[in-house]
> 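Mind looking over this structure? Questions follow.
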Amino acid sequence: MTAATLSVSRNSQMRAEAIAGYAFAMPALFLILILLILPIIVVFMISLTDYQLGALTWSWVGLANYAEMMADKAFLRSLANTFIYVAIVVPGSVGFALIIAILVQERTKSKAIYQTIFFLPVTTTLIAMSVVWHFLLNPSLGPVTSLARALGFGDFDVFGDPDLVLVGLAVIGIWQLVGFNMILFLAGLTAIPRDLYDAADIDGADGVWDRFARVTWPMLGPTTLFVVVTSTITAFRVFDTVAVITRGNPMGRSDVLLFTLYKVGFQDFNIGPASAMTIAFLVFVLVVALAQAFLIDRRTHY
Amino acid sequence: MAPVPKSRPRRRTDRLVASLTAHFFLILGAAFILLPFVWMLLTSIRPASEVFTAGFNPIPSAFAGVENYSEALTKSPLLRFMANGVFVCLGILAVQLLFAIPAGYALAKLSFRAQPLIFALVLFGLTVPVQVTALPIYIALARLNLLDTYFAIMVPFFLSVFGIFLFRQFFKSFPQEIIHAARLDGFTETEIILRIIVPSAMPAIAAFAVFSITSHWNDLYWPLIVTTSPDHATPPLGMMIFRDQETGSNYGALMAGAAIITAPLIIAFLIAQRHFVRGITMTGVK
Amino acid sequence: MADLTLSGISKTFGPTRVLNDVSLSVRDGEFLTLVGASGCGKSTILRVIAGLEPQDSGTVQIGGRAVDHLRPKQRNVAMVFQSYALYPHMSVHENMAMPLVMSRMSLAERLPLLGRVMPRRREVMKGINAEVDTVARQLQIDALLGRKPAQLSGGQRQRVALGRAMVRHPDVFLMDEPLSNLDAKLRVHMRTELTELHRRLGVTFIYVTHDQVEAMTMSDRVALMDEGRIVQLGTPADLYHNPSDLRVARFIGSPQVNIVSGTTQTKGIAVSDTVLPMQVGLPAGQVVSVGLRPESLSLDIVPGRARLTAKLAHVENLGAEVFLHFILPDSGDPLVLRATLDAFEAHRGRLDQAVALSVDTSRALVFDTAGHRVDSTGRMAAQRPMVQA
């Protein structure tokens, strides 16, 4: 009967909450706008112009920068190199991580030690360790090459050989990533109920392979998917090792996308094509993210 | 240890063989992982003469650690690079927390109109790597004459959408009843953050700090772009500068330099392993 | 201390209407319980009273003053939460002092470091500490003041939550299922302790629970809620003996009331093999539900009472008393009878066959197909105004 007594405006608590909400979110929103959204818009706009650093005038050039990018052999080569690198690092780091995780999982006393060792490269400064790797594989002084020579494999120069250079970089990539993936797999393994293994035992699936194929692998499906996606993104952004060790050499055989982007944009200051590459890079990253969202959505069905 | 009854009793020798095989492969893997670390340390104490003749000879004939390390520290301002690294990392972390904690709280526990939009922007931001925004931010910094400053090195990272996301997730699980109780007790929303949320979010803050510090201590791409003088160089950049000075001359000192630069994080990792694993793999929890 | 009036409170969460025109008036110093199944809106009422959630329409008055425009802290109500909602990083003492710190210190004085140099702070803090100590002694938690909530047992946390509510001397205590996280034994103990506390403080208590035993044993009055409405408001005895609605009859009482179907006749209500001599003012031939409390059935043959033939299915022996589960032979309806152990022993010999049970029709409850009470007393109960002005 007295429903009208309250002027149905939100009550004071709700108003206070909304005010606080805006007050707390605004600073972050401001940063999101000027450090994320605005730059993306700007880089997209620049990619459609002939803007040069420091220039006072510029004009629209439509898709000319994209056309130049697609005609640029160096860019296409770096794209191909990046995909080859990803194609080695992802299966390598995921596969080894899975094996290591399964082996480590069953250890009792030594589990912690192995975990520490395998995780060590994840925390260390990759630049410094790239310098060490460069030295290890140095064709004349490196201990690994010396050992190989002593064992009769002959001379080889990993980072100087056009056919080996991406493999060499990928080995470092795997070396750095495998511990990270191992931890994710260990988390996935711990989440598998012990009962399932007991049930598999009773059902007769008690061999190492059977247990893996019937229980571990299916149960790890979501984890594996996730590890593959994060590894792909990480591998796709390879930069540090190339910048320190090869700088794209020999003959551009180790040019990767971000290193080319860096050279074109920040060494040659070729702003137009660099922004076109940036957009291409963003598109790729978003495609992977969307694929991940789609796959994760799908995986809830089983 | 008491023998645990298994569904199928396995013979002891079977288990021993399985265990030995596992250890064999794990030790092989561990050796591969440790190889660069061990060689870095061995070379850093090896006399310069031996480096060039060594071949595969693990144990140094004489201890030259003092020479190599002091050369690394004097030839190049390594300590300056490290101090820069500490300053940059702590500066970035402080600003990130200052912006991300209130935003995370607002997104998790307060309701207001723009909330879903802001959260959508945060989710979008999670997928955008720094290399995408590097070019326009570089141009802006160049226009403002701010290149080669600490501010330039730090500014793109003042925003951590990952931090906002992480704190939002963490605060989501914080009991709403406690916040209600605090409102009844007369806390303002700011005081709820400072006196209730922050103290109980310490594990999340620690994990985020580890994540943030390791990624910015190790970052090369952005410092390489905006830094031109060694004055503001961070450790990875310093390592490159040092390497370019030393190429072909003294591997002992170079390895000593690498050891010095990687030492802080490795030591911190060995001391607080659980925090590190948690903090760094947090990206895998989203 | 104050009375409290809700008028026409409605609230929707998205498409669901959680509160539907709820009006209620609580007397000063009364212990009123809101009881109902989960999702009936009882906790939402509490939050609306506290100002933690806004209502869509309607008014809350505390002590004759509308408080709708006031923030939670300005309403001078205290709330004890189901999870206790203690601040996890603060000691018991800090938890209990918090409402006083917040109300008596200025913003500057509350600042972490700067606050310490404010001149008035020490004196205020001293007063607060004294009050916390007094309340802690009353609740016998003075030995725990230095501990953190994680170091306390469930019962101790409960007391701290009560203490935090008590120190501020609120006009109204709001309690949201405060006993549901305790184990059974402690729950029984805390029931008496809360009633005792209420008597001692003499403050208005509004207590929310889904447990009808708590509602029956502690309250002055009980409001039974269903689907966002108050179905019946009355004393515990009222709700038990004189439910206005089938839902109330079913919810209150353990074991549950027996519901058997019947048909009205000119002389009474036909149930199973008998006719209960009752007048309900309905035309003959209507289907009704008859509610029989387990104690209105008896094994002894009482002259003048209707008799129902039933077959014993199984026996629940609780020691002093016995619940006998019967089945009505034609309909298969279950029927629970509460008997003393002696009565059970006396009749044990003949229970292997169908027996006649005496029905006390004066205590039978009759409901129409819509669930409304239709026998004479029930009519009155249903018509009783729910809002007591």
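Hydrogens, waters and symmetry mates play no part in the numbers below; they use all other heavy atoms, side chains included. Because the structure is a prediction, the values reported are computed rather than measured.
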> What part of A:A23 gets closer than 4.5 Å to chain B, counting heavy atoms only: side chain, backbone, both or neither?
neither
> Pick one of side chain, backbone, both or neither for B:R183, based on which atoms fall under 4.5 Å of a heavy atom in chain A.
side chain
> With a 4.5 Å limit on heavy-atom distance, are the side chains of B:F37 and A:T124 in contact?
yes
> Please flag which part of B:F32 lies under 4.5 Å from any non-hydrogen atom of chain A: side chain, backbone, both or neither.
both
> Below 4.5 Å from any heavy atom of chain B, which atoms of A:L286 appear? Answer side chain, backbone, both or neither.
side chain
> Name the region of A:I183, side chain, backbone, both or neither, that has any atom closer than 4.5 Å to a heavy atom of chain B.
side chain
> Specify which of B:I27, B:V122, B:T21 makes the most heavy-atom pairs with chain A at under 4.5 Å.
B:I27
> Quick check on A:I46 against chain B: is it the side chain, the backbone, both or neither that has a heavy atom closer than 4.5 Å?
side chain
> Decide side-chain contact (heavy atoms from CB on, under 4.5 Å) for B:V277 and A:Q115; before the verdict, give the C-alpha distance in whole Å, the side-chain angles of both, and the deciding distance to 0.1 Å.
CA-CA 10 Å; B:V277 171; A:Q115 270 188 37; 5.6 Å; no
> What I'd like to find out is whether the side chain of B:F25 reaches to under 4.5 Å of the side chain of A:I99, using heavy atoms alone.
no
> Count the heavy-atom pairs under 4.5 Å between each of B:P102, B:G257, B:A106, B:A18 and chain A, then report the option with the highest count.
B:P102
> Looking at B:D219 and A:R237, is there a salt bridge between them, counting it only when a charged N and a carboxylate O are closer than 4.0 Å?
no
> Please output the side-chain donor-acceptor pairs of residues 269-281 of chain A that fall under 3.5 Å, not counting sequence neighbours, one pair per line with the distance.
from	atom 1	to	atom 2	distance (Å)
A:S275	OG	A:S47	N	3.4
A:S275	OG	A:I271	O	3.0
A:S275	OG	A:G272	O	2.7
A:T278	OG1	A:A274	O	2.8

> Once you round to the nearest 0.5 Å, how far does CZ of A:F24 lie from CZ of B:F99?
14.0 Å
> Tell me, side chain or backbone of A:F30 under 4.5 Å from chain B's heavy atoms, or both, or neither?
neither
> Less than 4.5 Å to any heavy atom of chain B: does that hold for the side chain of A:S110, its backbone, both, or neither?
side chain
> How about A:P121 and B:I33: do any of their side-chain heavy atoms sit closer than 4.5 Å?
yes
> Hey, are the side chains of B:V132 and A:I40 touching, using non-hydrogen atoms and a 4.5 Å cut-off?
yes
> So for A:L53, is it side chain, backbone, both, or neither that comes closer than 4.5 Å to the heavy atoms of chain B?
side chain
> Quick check: do A:L261 and B:Y221 have side-chain heavy atoms less than 4.5 Å from each other?
yes
> When you measure from the side chain of A:Y22 to the backbone of B:A114, do you find a donor-acceptor pair of N or O atoms at a distance under 3.5 Å?
yes
> Relative to chain B, which segment of A:V288 carries a heavy atom at a distance below 4.5 Å: side chain, backbone, both, or neither?
neither
> Among B:I137, B:I101, B:I139, which has the most heavy-atom pairs under 4.5 Å with chain A?
B:I139
> Any side-chain heavy atom of A:F266 within less than 4.5 Å of one from B:L224?
no
> Among B:G29, B:P129, B:A134, B:A30, which has the most heavy-atom pairs under 4.5 Å with chain A?
B:P129
> Which bit of A:L282 comes within less than 4.5 Å of chain B, counting heavy atoms only: side chain, backbone, both or neither?
both
> Can you tell which part of A:L136 gets under 4.5 Å to a heavy atom of chain B, answering side chain, backbone, both or neither?
side chain
> Might you point out which heavy atoms bring A:A28 and B:I164 nearest each other, and give the distance in Å?
CB-CD1, 3.8 Å
> Of the backbone (N, CA, C, O) and the side chain (C-beta and beyond), which part of A:V178 lies under 4.5 Å from a heavy atom of chain B, both, or neither?
side chain
> Is there a donor-acceptor pair under 3.5 Å between the side chain of A:E17 and the backbone N or O of B:L110?
no
> Compare all side-chain heavy atoms of B:S19 with those of A:R107 and state whether any distance is below 4.5 angstrom.
yes
> What part of B:P236 is in contact with chain A, defined as an atom under 4.5 angstrom from a non-hydrogen atom: side chain, backbone, both or neither?
both
> If you count every heavy atom of other residues, nucleotides or ligands that lies below 6.0 Å from A:F239 atom CZ, does the total exceed 12?
yes
> Of the backbone (N, CA, C, O) and the side chain (C-beta and beyond), which part of B:S160 lies under 4.5 Å from a heavy atom of chain A, both, or neither?
neither
> How many angstroms lie between atom CG of B:L265 and atom CG of A:L120, to the nearest 0.5 angstrom?
10.5 Å
> Around atom CZ of B:F276, are there more than 12 heavy atoms of other residues, nucleotides or ligands at under 6.0 Å?
yes
> Is a side-chain N or O of B:N218 found less than 3.5 angstrom from the main chain of A:T123, in a donor-acceptor match?
yes
> What's the separation between atom OH in A:Y262 and atom CH2 in B:W222, rounded to the nearest 0.5 Å?
12.0 Å
> Quick one: pull up OG1 in A:T125 and CD1 in B:I266 and give me the separation to the nearest 0.5 Å.
7.5 Å
> With side-chain contact (heavy atoms from CB on, under 4.5 Å) as the test, would you mind laying out the steps for A:V144 and B:L35 before giving the verdict?
CA-CA 10 Å; A:V144 173; B:L35 175 68; 4.0 Å; yes
> B:T262, B:I261, B:I225: which one forms the most heavy-atom pairs within less than 4.5 Å of chain A?
B:I225
> Indicate whether the side chain of A:N138 and that of B:Y251 have a donor and an acceptor atom separated by less than 3.5 Å.
yes
> Is A:W133 reaching over with its side chain to a backbone N or O of B:P36, donor-acceptor style, under 3.5 angstrom?
no
> Sequence neighbours excluded, which residues qualify as side-chain hydrogen bond (donor to acceptor under 3.5 Å, both in side chains) partners of A:S93?
A:N181
> Rounded to the nearest 0.5 Å, what's the gap from CD1 on A:I41 to OG1 on B:T133? Could you check?
13.0 Å
> How far does CG of A:L103 sit from CZ of B:F24, to the nearest 0.5 angstrom?
12.0 Å
> Side chain from CB out, backbone as N, CA, C, O: work out which of these in B:E189 comes under 4.5 Å of a heavy atom of chain A, or both, or neither.
both
> Please flag which part of A:V285 lies under 4.5 Å from any non-hydrogen atom of chain B: side chain, backbone, both or neither.
side chain
> Would you indicate whether the side-chain heavy atoms of B:F157 and A:L35 approach each other to under 4.5 Å?
no
> Is it true that a side-chain atom of B:R243 and a backbone atom of A:A128 form a donor plus acceptor pair closer than 3.5 Å?
no
> Counting heavy-atom pairs under 4.5 Å to chain B, which of A:V42, A:L126, A:V229, A:L258 comes out on top?
A:L258
> For B:H275, is the NE2 atom crowded, meaning more than 12 foreign heavy atoms sit under 6.0 Å from it?
no
> Does the pair A:F119 and B:F269 meet the rule for a ring pair (Phe, Tyr, Trp, His ring centres under 6.0 Å), with working shown?
CA-CA 9 Å; A:F119 200 76; B:F269 165 65; 5.6 Å; yes
